[in-house]
Each structure stands twice: as structure tokens, then as C-alpha cells.
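Since the structure comes first, as C-alpha cells, the remarks are kept for the end.
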Amino acid sequence: MSASIAQSKGKITTHVLQRMKENNEKIAMLTAYDYSMAQLLDRAGVEVILVGDSAANVMAGHKTTLPITLDQMIYHATSVVRGVEKALVIVDLPFGTYQGNSKEALHSAIRIMKESGADAVKLEGGKEIIESIDRILSAGIPILGHLGLTPQSINKFGTYTVRATEENEAKQLISDAVLLEECGCFGILLEKIPANLAKQVTRKMKVPVIGIGAGGDVDGQVLVLHDMLGITQQFSPRFLRRYHDLSFEITSAVKQYISDIKSHDFPNAKEQY
Ligand code: KIV
């Protein structure tokens, strides 16, 4: 096996991700929304950090990703960028800032890049947003496309169930993926689609394909940090592997803290001036 491309010195760029795909080296991606977590993820060696609009759910407590604003995304992205030295930082363009108006899309993407210092943006959708994609790419801003389950369209679909299980939807997804690649997107994210379809798309694409709930035959994986750490508890789709039960750990630590205060144990003699 050849030497790891991701472990070589220097910042991860979209070109590094491309070489990783060509070298059959899997890409590890996680979401982050703040400085401290981003720093931990970067130091742990994750190659890509996504400032997802899932911040609307896990940071702000909204039921959908729709309410988060461009200013709020820029705030999260700026905090993340400050904590990162090596990973590629991608930021979601939030709902309502790029659909149906390519000029506004470009303006939104430029604001994210200028104000946060991020490396790339992510947009949900295929041919219906192709003018926005084209315009943003023409300004030299790298784009990760997002197909399959697109949470910003929840009001159109009504559910978060697996997408592209029917032949016509699968065909549409493949043609959207091809279109995004031809337009110049540096990669495609596939969310919650059958593993076989994701495998087919990954084989067809020259650019890296990142999956969430799309099986193992893609070029990389992404999870929402709060879900994989077990901070969120109610959200339990089949694709989610929990690596920790931080909800339990944090609750236990906080209960211990409360108890130490009540029992006059904290602070002790060594913990004061
Ligand atoms: O917003 C987000 O966190 C995402 C991931 C679910 C891929 O788009």
C-alpha cells in the first residue's frame, strides 16, 4: 500500500481529497460548529470539517435546518476556522440564500469565504440550482454538492426517509451527480440513499463521493459530531454509529459538581487563593 496522502505535511485541499480518492484512501469528515471542538477534531486528524447547517438542530434546538441564517453560519464558520490548522473546512450555504437567485447565491458564498476564511461551501440540490452552482464556481469558490436526502427540502418531501429507492429518483440522482461533476464541483455528498446506488455513483464519479447513510462503497464518510459522540439522544437512524455516550458522561459530571457544591466539598483548600 502506498504512503498516506492525508498524513503528508500541509493543509488538506480539494486536490488532496482528489488524490485520496485516486489512491483509494478513505476520507474522514465530521461536523463542527465551534472553536474548541474544531481544534480537537483537527488535532485528531479528521481530514474535512463541515460547518453544517445541522447547527440549527444541535446548537440552536430547531426542528429543521431551515431557520439558520447566513450571519449565524458565518459566526459558526469563523469560530471553526480559528481552531483548524490542517483540515479542509466546508460551510453549508443555509436555506434561502442560494435557491432561485444565482446572484444572491454568489453573494452568500463570497460572504462566507471572505468573513470566515473557510475553504469551500456546500449546497443542496442538482439541476434545479445549477445556475447558482455555476456562478459560485466561476468566482473560484470550491463546491461540495449534496444529493439524496436534502434536509433543506423537508417541507417538499415531508419525511426524512431513505431517498432514491425508486428507479426514476435513482436515475435523476445519477444524472444530477454527473451534472455537478461536469460543472466543476470538487466532490459530492450523498445522504441516506441505498448503498448500491451510492456505490454506482462513486464508481462513475472522478471526484470524491462522501456518504452519510449511503453505505461503505463511497470515498469517505461524514457524521454529525453531536450524534456520533452521543450528545444527542433521540436521533437514532440505522446509519449512525455512536462512539461515545457523552450525554451520560456530561450529565454525571454536572451532577457530581452540583453534589460537591451542596456538600461543601468544592472548592477545597487547594482550590482557592
Ligand atoms: O448539515 C449537516 O450536518 C450535513 C450533514 C448531515 C452531511 O449536511
Side-chain angles (χ1 to χ4, degrees), residues 17 26-34 37-38 41 46-70 72-77 79-80 87-99 108-109 112 116 118-126 129 133 142-154 157 159-164 173 177 180 185-193 198 201-202 208-215 218-229 231-232 234-242:
L17 300 184
K26 295 278 187 186
I27 299 165
M29 172 165 163
L30 278 172
T31 66
Y33 318 98
D34 67 281
M37 285 292 182
L41 266 45
V46 85
E47 284 105 19
V48 187
I49 295 181
L50 172 67
V51 185
D53 59 358
S54 49
N57 309 122
V58 299
M59 301 301 287
H62 292 294
K63 286 203 162 51
T64 73
T65 57
L66 274 62
I68 199 158
T69 65
L70 186 57
Q72 288 165 342
M73 286 304 294
I74 290 171
Y75 169 79
H76 287 297
S79 313
V80 165
L88 183 88
V89 178
I90 305 174
V91 183
D92 267 337
L93 279 192
F95 175 69
T97 66
Y98 62 95
Q99 296 96 338
S108 309
I112 287 185
S116 75
D119 304 305
V121 296
K122 174 163 83 61
L123 279 71
E124 294 182 8
I129 56 154
I133 299 241
I143 297 182
L144 179 67
H146 181 157
L147 299 171
L149 174 63
T150 48
Q152 291 180 12
S153 308
I154 182 61
F157 293 103
T159 79
Y160 289 103
T161 52
V162 185
R163 294 293 195 270
L173 187 140
L180 293 178
C185 288
F186 74 85
I188 315 264
L189 187 148
L190 296 177
E191 180 164 356
K192 219 170 177 184
I193 63 166
V201 175
T202 306
V209 175
I210 310 288
I212 173 164
V218 287
D219 302 307
Q221 299 289 333
V222 60
L223 284 175
V224 169
L225 185 68
H226 290 57
D227 298 336
M228 64 84 80
L229 290 179
I231 297 173
T232 49
Q234 298 88 343
F235 184 67
S236 240
R238 187 199 298 193
F239 67 76
L240 174 62
R241 186 179 292 183
R242 283 195 210 285

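Each ligand, and each atom within it, is numbered from 1 in the order the structure gives. In this text the structure is predicted, and so the values were computed from the model without any measurement. Heavy-atom basis, side chains included; hydrogens, waters and symmetry copies ignored.
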Without swapping roles, check the side chain of T31 against the backbone of G52 for a donor-acceptor pair under 3.5 Å.
no
Is the backbone N or O of Y160 less than 3.5 Å from a side-chain atom of K192, with the two atoms forming a donor-acceptor pair by type?
yes
Pick out the protein N or O atoms lying less than 3.5 Å from any N or O of ligand 1, and list each pair with its distance.
residue  : atom  : partner : partner atom : Å
ligand 1 : 1 (O) : D53     : N            : 3.2
ligand 1 : 1 (O) : D53     : OD1          : 3.0
ligand 1 : 1 (O) : S54     : N            : 3.0
ligand 1 : 1 (O) : S54     : OG           : 3.3
ligand 1 : 1 (O) : D92     : OD2          : 3.1
ligand 1 : 3 (O) : S54     : OG           : 2.5
ligand 1 : 8 (O) : K122    : NZ           : 2.9

Is the distance between the ring centroids of H226 and Y33 under 6.0 Å?
yes
Ring pair (Phe, Tyr, Trp, His ring centres under 6.0 Å) with Y98: which residues, sequence neighbours excluded?
none
Under 3.5 Å, is there a donor-acceptor pair between the side chain of R242 and the main chain of D227?
yes
State which residue, out of L41, T232, D34, fulfils the side chain to side chain contact (heavy atoms under 4.5 Å, CB included) condition with L225.
L41
